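Notes to accompany the following structure.
Being a predicted model, the structure only gives us computed values, none of them experimental.
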Amino acid sequence: MDAPLEKIADPTLAKMGKNLKEAMKMLEDSQRRTEEENGKKLLSGDIPGPLQGSGQDMVSILQLVQNLMHGDEDEEPQSARIQNIGEQGHIALLGHSLGAYISTLNKEKLRKLTTRILSDTTLWLCRIFRYENGCAYFHEEEREGLAKICRLAIHSRYEDFVVDGFNVLYNKKPVIYLSAAARPGLGQYLCNQLGLPFPCLSRVPCNTMFGSQHQMDVALLEKLIKDDIERGKLPLLLVANAGTAAVGHTDKIGRLKELCEQYGIWLHVEGVNLATLALGYVSSSVLAATKCDSMTLTPGPWLGLPAVPAVTLYKHDDPALTLVAGLTSNKPADKLRALPLWLSLQYLGLDGIVERIKHACQLSQRLQESLKKVNHIKILV
């Protein structure tokens, strides 16, 4: 799989790859030496000092980074350890350096290259996760994609929003529905990003009598929607879970989709179980997510890749609205966010991606079986 750097014709690219390998080796070797010293403390370098007039070489700067990473005297030796990211991690990190280099190209070359990177990555992700003919928005903050989707839903449902702004929302308040099992702080984040008051959020209780206690109560959700319509509000968007943050349960996405279509509500799905869409066998509850209006994927944690963006896949026919909502951009720098993922997906290949997700699922099953045994022993005791 590896090719020697000497085969790369562009000397800048070859040097970039070589420098990254040397820098990572230096930091990893330093970690091993620190562990071997077993309790020996590094001198603290946390106190800011004056900028040196003569400048420093790369080795000295990396030495400073190393000291800052490992030199906290208050930390336990094990807590200062950095993860061994492996070759695939180096590829992802290279993407950030490569992005800075690519940005120096002339405008026409930059436009062609960034368009290709964005198109490739979007196509691969849509096919891997069974979301045909979708668009992709790449973002650093995991919740940012959902915030942009909410903006798109607002622009789609309120035709005069561009002209009249929040005056149109005042006359017919939007409602965003979240499960009671949603990850903490999500509702507050959305309101802060969108400039909406907290009453625009509606918490949907989970099942209390039938079904999982961590699944959204569909019947109660429909009642909430009807009540909001009677009060003159506009049901805007529903966030469903394909793997809740606490226990990994999946909502009844198929039934939720039917309900959203009935009332004209945008359905967004998120959660770790979306990773299983890449596998040969997928549960029907998760497979239903492929029919949603948008979904957020987090390939970094799923594939063990550092510093790669989260991705929100969505379907919408109006490019003008997606541009206004911030989901698309003409800026090459925004398109280059996909570069680390573009490199990493090619390095792993389809088989490597599927194998990693399958291995993670197997580990989860083993953990679940172990927890069941522990609970059974407690009951017996």
Please confirm whether the backbone N or O of [Y] pairs with a side-chain atom of [X], one donor and one acceptor, at under 3.5 Å?
{"X": "Asp217", "Y": "Leu220", "answer": "yes"}
{"X": "Arg151", "Y": "Gln193", "answer": "yes"}
{"X": "Arg157", "Y": "Leu234", "answer": "no"}
{"X": "Asn106", "Y": "Lys109", "answer": "yes"}
{"X": "Asp251", "Y": "Met216", "answer": "yes"}
{"X": "Ser329", "Y": "Lys331", "answer": "yes"}
{"X": "Ser60", "Y": "Gln56", "answer": "no"}
{"X": "Thr276", "Y": "Asn273", "answer": "yes"}
{"X": "Thr122", "Y": "Ser119", "answer": "no"}
{"X": "Thr115", "Y": "Lys112", "answer": "no"}

Any idea which heavy atoms bring [X] and [Y] closest together, and the distance?
{"X": "Leu93", "Y": "Ala307", "answer": "CD2-CB, 4.0 Å"}
{"X": "Ala240", "Y": "Leu256", "answer": "CB-CD1, 3.8 Å"}
{"X": "Thr328", "Y": "Pro319", "answer": "OG1-O, 4.3 Å"}
{"X": "Tyr177", "Y": "Val204", "answer": "CB-CG2, 4.1 Å"}
{"X": "Leu237", "Y": "Ala153", "answer": "CD1-CB, 4.3 Å"}
{"X": "Ala310", "Y": "Pro299", "answer": "CA-CD, 4.4 Å"}

Taking everything shown except [X] itself, do over 12 heavy atoms lie less than 6.0 Å from its [atom1]?
{"X": "Asn133", "atom1": "CG", "value": "no"}
{"X": "Lys315", "atom1": "NZ", "value": "yes"}
{"X": "Leu367", "atom1": "CG", "value": "yes"}
{"X": "Glu159", "atom1": "CD", "value": "no"}
{"X": "Asp317", "atom1": "CG", "value": "no"}
{"X": "Lys233", "atom1": "NZ", "value": "yes"}
{"X": "Arg203", "atom1": "CZ", "value": "yes"}

Does [X] have any ring pair (Phe, Tyr, Trp, His ring centres under 6.0 Å) partners at least two apart in sequence or in another chain, and if so, which?
{"X": "Tyr189", "result": "none"}
{"X": "Phe138", "result": "none"}
{"X": "Phe129", "result": "Trp302"}

Between [X] and [Y], is any side-chain donor less than 3.5 angstrom from a side-chain acceptor?
{"X": "Ser156", "Y": "His316", "answer": "yes"}
{"X": "His268", "Y": "Ser294", "answer": "yes"}
{"X": "Thr312", "Y": "Thr296", "answer": "yes"}

(request) Decide yes or no on side chain to side chain contact (heavy atoms under 4.5 Å, CB included) for Leu345 and Leu125, but give the supporting numbers first. (result) CA-CA 9 Å; Leu345 293 178; Leu125 290 171; 4.0 Å; yes
(message) Please tell me whether Tyr131 and Tyr314 form a close aromatic pair, meaning their ring centres lie under 6.0 Å apart.
(response) no
(message) So, applying side chain to side chain contact (heavy atoms under 4.5 Å, CB included) with Ile176, which one of Leu146, Ile265, Leu186, Leu196 is it?
(response)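 Of the listed residues Leu146, Ile265, Leu186, Leu196, the side chain to side chain contact (heavy atoms under 4.5 Å, CB included) partner of Ile176 is Leu196.
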Just so I know, are the side chains of [X] and [Y] near enough to count as touching, which here means a heavy-atom distance under 4.5 Å?
{"X": "Leu327", "Y": "Cys135", "answer": "no"}
{"X": "Leu350", "Y": "Ile128", "answer": "yes"}
{"X": "Gln346", "Y": "Ile91", "answer": "no"}
{"X": "Cys361", "Y": "Ser364", "answer": "no"}
{"X": "Ser103", "Y": "Pro332", "answer": "no"}
{"X": "Phe161", "Y": "Leu169", "answer": "yes"}
{"X": "Arg143", "Y": "Glu270", "answer": "no"}
{"X": "Val311", "Y": "Leu313", "answer": "yes"}

(message) I'd like to know if Lys173 pairs up with Asp228 as an ion pair, taking the criterion as any Lys NZ or Arg NE/NH1/NH2 lying under 4.0 Å from an Asp or Glu carboxylate oxygen.
(response) no
(request) List the steps and the verdict of salt bridge (Lys or Arg N to Asp or Glu O under 4.0 Å) for Arg111 and Glu108. (result) CA-CA 5 Å; Arg111 183 189 64 80; Glu108 185 59 24; 2.6 Å; yes
Spatial distance of atom [atom1] ([X]) from atom [atom2] ([Y]) [nearest 0.5 Å]:
{"X": "Leu178", "Y": "Leu190", "atom1": "CG", "atom2": "CG", "result": "6.5 Å"}
{"X": "Lys257", "Y": "Cys292", "atom1": "NZ", "atom2": "SG", "result": "7.0 Å"}
{"X": "Ser202", "Y": "Leu238", "atom1": "OG", "atom2": "CG", "result": "9.5 Å"}
{"X": "Lys148", "Y": "Thr322", "atom1": "NZ", "atom2": "OG1", "result": "12.0 Å"}
{"X": "Leu339", "Y": "Ser344", "atom1": "CG", "atom2": "OG", "result": "9.0 Å"}
{"X": "Asn171", "Y": "Asp164", "atom1": "CG", "atom2": "CG", "result": "9.0 Å"}

(request) Decide yes or no on salt bridge (Lys or Arg N to Asp or Glu O under 4.0 Å) for Glu142 and Arg183, but give the supporting numbers first. (result) CA-CA 12 Å; Glu142 192 175 317; Arg183 49 182 160 161; 3.2 Å; yes
(request) Might you work through the side chain to side chain contact (heavy atoms under 4.5 Å, CB included) test for Asp227 and Lys223, ending with a clear yes or no? (result) CA-CA 6 Å; Asp227 290 345; Lys223 183 179 182 303; 3.2 Å; yes
(request) Check whether Leu279 and Ile353 end up in the same hydrophobic cluster, where Ile, Leu, Val, Met, Phe, Trp and Tyr are linked by side-chain heavy atoms less than 4.5 Å apart. (result) yes
(message) I'd like to know if Leu224 and Trp266 are part of one continuous hydrophobic network [Ile/Leu/Val/Met/Phe/Trp/Tyr, side-chain heavy atoms within less than 4.5 Å].
(response)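 No; tracing contacts between hydrophobic side chains, which count when under 4.5 Å, never links both residues.
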(request) Kindly determine whether Ile149 and Asp293 satisfy side chain to side chain contact (heavy atoms under 4.5 Å, CB included), including the steps that lead there. (result) CA-CA 9 Å; Ile149 289 294; Asp293 299 297; over 6 Å; no
(request) For the residue pair Trp342 and Trp124, categorise the inter-ring angle as parallel (less than 30°), tilted (30 to 60°) or perpendicular (more than 60°). (result) parallel
(message) Determine whether Arg127 and Glu132 satisfy the following criterion, side chain to side chain contact (heavy atoms under 4.5 Å, CB included), listing intermediate values before the conclusion.
(response) CA-CA 6 Å; Arg127 288 186 175 176; Glu132 294 297 328; 4.2 Å; yes
